[in-house]
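In each ligand, atom 1 is the first atom listed, and ligand 1 is the first ligand listed.
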Amino acid sequence: MTGHAVVVAGGGPTGMMLAGELALAGIDVAIVEPRADQHVDGSRAGGLHSRTIEVLDQRGIAQRFLAAGQVHPALAFSGNVLDISDFPTRHNYVLALWQSHFEPILADWVGELGVPTLREREVVGFAQDGTGVDVELSDNTSLRAEYLVGCDGGRSLVRRAAGIDFAGLDPSTSWMIAEVEMDEEPEFGFRHDSVGTHAIGRREAGEPIRVVLTERLVEHTGDPTMDDLREALVAVYGTDYGVHSPTWISRFTDMSRQAVSYRHGRVLLAGDAAHVHPPQGGQGLNTGVQDAVNLGWKLAQVVHTTSPGSLLDTYHAERHPVGARVLHNTMAQVALARADDRHAALRDTMAELLGMDEPRRHIAAMLCGLDIHYDLGEGHALLGRRMPDLDLQAADGPTRVFTLLHDARPVLLGLGDPGGFDISPWADRVRLVDARHDGPWELPVLGEVAAPPAVLIRPDGHVAWAGDLTDPELPRALATWFGAATPA
Ligand SMILES: Cc1cc2nc3c(=O)[nH]c(=O)nc-3n(C[C@H](O)[C@H](O)[C@H](O)COP(=O)(O)OP(=O)(O)OC[C@H]3O[C@@H](n4cnc5c(N)ncnc54)[C@H](O)[C@@H]3O)c2cc1C
């Protein structure tokens with residue numbers, strides 16, 4: 001039986017990001033993935049939100065994705081266009097980049113980090129004991145790992161085999177989605193009728209036409225066919241526009257479910273395996289990638305025995321509420337799109353509200369992940385929030401905060417006079433950087449906050465402590481997040 005410290009079930013966006021994070025932290029990790037290569041059926045997710053681009057920037061790889069997509073200054077909440085170009089981030093836009101283009105770029109990075117992907121096989125079961133997990137694969141082999149992470153999508157075998165309840169709502173609406181060509185010029189844009197909202201679009205010349213149709217029935221047996229698509233087009237538009245050459249026909253629903261626990265002993269869940277919801281607001285892939293960035297460094301520290309296994313409970317404590325909020329806002333978006341006069345009135349009211357700056361900023365920051373605030377207790381406004389990517393003047397020249405995070409190690413950033421804290425008991429894990437920042441500290445939604453004299457930044461870019469270097473809370477925060485002090 002082959003062994004790895006961590007086995008990741010699923011080489012989609014979440015699994016790859018997690019494996020990359022673990023590899024950066026020096027962990028022996030392998031991905032198990034049924035697909036023979038990184039090809040994605042259909043284009044699926046349409047883009048990256050600000051916080052996802054930021055976490056990629058924290059690893060020095062954002063430019064690879066930016067070079068492959070197009071930036072847009074606004075995102076959408078149930079048809080309301082929300083401009084985010086005034087947000088205090090370097091990435092104050094949405095990056096339009098299909099999942100089918102995103103995955104190969106991420107796979108290249110994971111490959112460069114030396115992560116093996118065991119392809120054309122899947123995880124079919126596992127058994128965990130006090131020291132590890134035996135992971136059974138479909139080719140009748142097995143792997144031994146200290147931890148198994150299910151990043152195996154909405155139908156997660158890992159979640160089901162772990163007996164973790166997937167609580168939530170059954171579907172109330174079903175949509176057919178297709179990528180096709182048409183002989184006649186279709187009616188591009190949205191159409192609303194008594195069944196719901198339908199849309200036909202083409203992002204760029206040369207790309208297929210994308211059709212999304214609300215279906216009359218919620219329940220279906222089997223995948224939709226070309227005949228189903230023609231019939232559905234005629235029912236909505238009175239014509240099928242001579243549809244042909246499908247590259248993808250599928251369906252999705254507004255089923256909203258979340259794993260009640262993201263951890264069961266040595267087995268963890270991330271991404272769609274932990275939460276499914278409809279694509280309104282484009283948050284699924286983004287939430288999965290951010291789950292992975294929260295979990296990666298924690299799991300690495302536990303495997304390195306720097307931290308106790310209980311550090312993994314903070315993964316559920318921090319990410320479950322974020323997932324729940326995503327489910328909640330997608331439910332609201334589906335409800336707002338309902339095709340009746342009362343919902344039309346509600347849409348108008350929401351549109352009025354979202355035309356005002358504060359509601360726009362509030363909802364947009366939620367959708368793009370910039371408002372995420374882990375509950376780390378009372379303290380400075382930065383505590384538990386993402387560290388802004390400030391320009392810094394360090395001893396060896398200008399830099400910026402995200403550059404300091406490229407190697408996924410924690411940073412204690414001193415912004416006052418150098419010295420004043422002895423980092424040596426943590427120096428093998430935490431880097432002390434003295435630097436200056438001239439300028440305001442502006443956070444999304446909150447606005448300007450008081451500049452702290454020092455901040456302790458976790459590898460995921462969230463602030464674990466902020467204050468004066470003489471604060472007795474600082475050694476406690478270092479020990480809580482990055483393990484006990486090494487005796488002199
Ligand atoms: C039509 C549509 C539009 C969408 N639009 C957006 C959008 O605009 N923005 C957005 O953020 N999200 C969007 N999403 C959601 C997004 O596609 C998912 O949230 C995202 O793919 C989740 O990534 P993941 O890695 O967690 O899961 P997946 O992408 O589902 O990957 C799971 C992986 O696990 C593998 N696997 C399955 N079973 C096993 C097993 N037993 N063992 C090992 N491996 C296994 C699969 O082959 C797959 O590679 C959309 C989804 C759909 C369907």
Side-chain angles (χ1 to χ4, degrees), residues 7-20 30-53 69 72 75-76 94-100 102-103 106-107 110 117-126 135-139 143 148-162 174-179 199 203 210-213 248-255 259 269-292 295 319 323 326-327 330 333 367-369:
V7 168
V8 174
T14 308
M16 284 193 284
M17 192 71 209
L18 178 65
I31 298 174
V32 178
E33 167 57 47
R35 284 179 288 165
D37 56 35
Q38 216 55 52
H39 172 79
V40 176
D41 278 341
S43 38
R44 278 184 86 176
L48 302 185
H49 284 311
S50 304
R51 184 57 190 153
T52 308
I53 309 169
H72 295 283
L75 41 79
V94 177
L95 179 69
L97 177 68
W98 295 119
Q99 185 166 344
S100 49
F102 171 84
E103 286 202 18
L106 194 61
V110 173
T117 300
L118 312 177
R119 291 197 176 275
E120 296 183 88
R121 68 205 89 170
E122 54 192 85
V123 172
V124 293
F126 64 82
V135 185
E136 290 169 50
L137 306 187
S138 51
D139 61 358
L143 299 169
L148 168 67
V149 188
C151 300
D152 49 343
R155 298 195 178 100
S156 173
L157 176 286
V158 173
R159 184 189 66 235
R160 284 180 281 130
S174 173
W175 290 269
M176 195 184 298
I177 184 162
E179 288 171 0
R203 194 178 262 179
R210 194 182 233 221
V211 181
V212 181
L213 303 172
W248 186 41
I249 308 182
S250 187
R251 81 171 27 107
F252 61 91
T253 72
D254 64 343
M255 181 171 75
L269 300 175
D272 276 17
H275 39 73
V276 294
H277 54 81
Q280 279 82 346
Q283 301 161 92
L285 178 152
N286 288 275
T287 309
V289 167
Q290 292 171 44
D291 285 347
L295 176 59
R319 293 304 298 176
V326 170
L327 260 64
T330 53
Q333 292 187 69
L367 292 179
C368 69

| said: For a 4.5 angstrom cut-off between non-hydrogen side-chain atoms, does Arg119 reach Gln38? | reply: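 Yes. Closest side-chain heavy atoms under 4.5 Å.
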| request: Could you tell me whether Pro13 and ligand 1 have an N or O pair separated by under 3.5 Å? | output: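 N/O-N/O distance below 3.5 Å exists for this pair.
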[X]: numbered ligand 1 atoms lying under 4.0 Å from its heavy atoms:
X	answer
Leu157	41 (N)
Ile177	1 (C)
Glu122	40 (C), 41 (N), 42 (N)

One residue to check: [X]. Relative to ligand 1, which of side chain, backbone, both or neither has a non-hydrogen atom less than 4.0 Å away?
X	result
Ser250	neither
Pro279	side chain
Asp152	both
Arg35	side chain

| Residues in side-chain hydrogen bond (donor to acceptor under 3.5 Å, both in side chains) contact with His277, at least two apart in sequence or another chain |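 Checked His277 against side-chain hydrogen bond (donor to acceptor under 3.5 Å, both in side chains); zero matches.
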| Who pairs with Arg251 by side-chain hydrogen bond (donor to acceptor under 3.5 Å, both in side chains), at least two apart in sequence or on another chain? |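 Listed in chain order: Glu215, His220.
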| Starting from atom 51 (C) of ligand 1, which protein heavy atom do you reach first, and at what distance in Å? |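 Ranked first by proximity to atom 51 (C) of ligand 1 is Arg44 NE, 4.3 Å.
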| field | Test salt bridge (charged side-chain N to carboxylate O under 4.0 Å, His left out) applied to Glu103 and Arg35, step by step | value | CA-CA 12 Å; Glu103 286 202 18; Arg35 284 179 288 165; 2.9 Å; yes
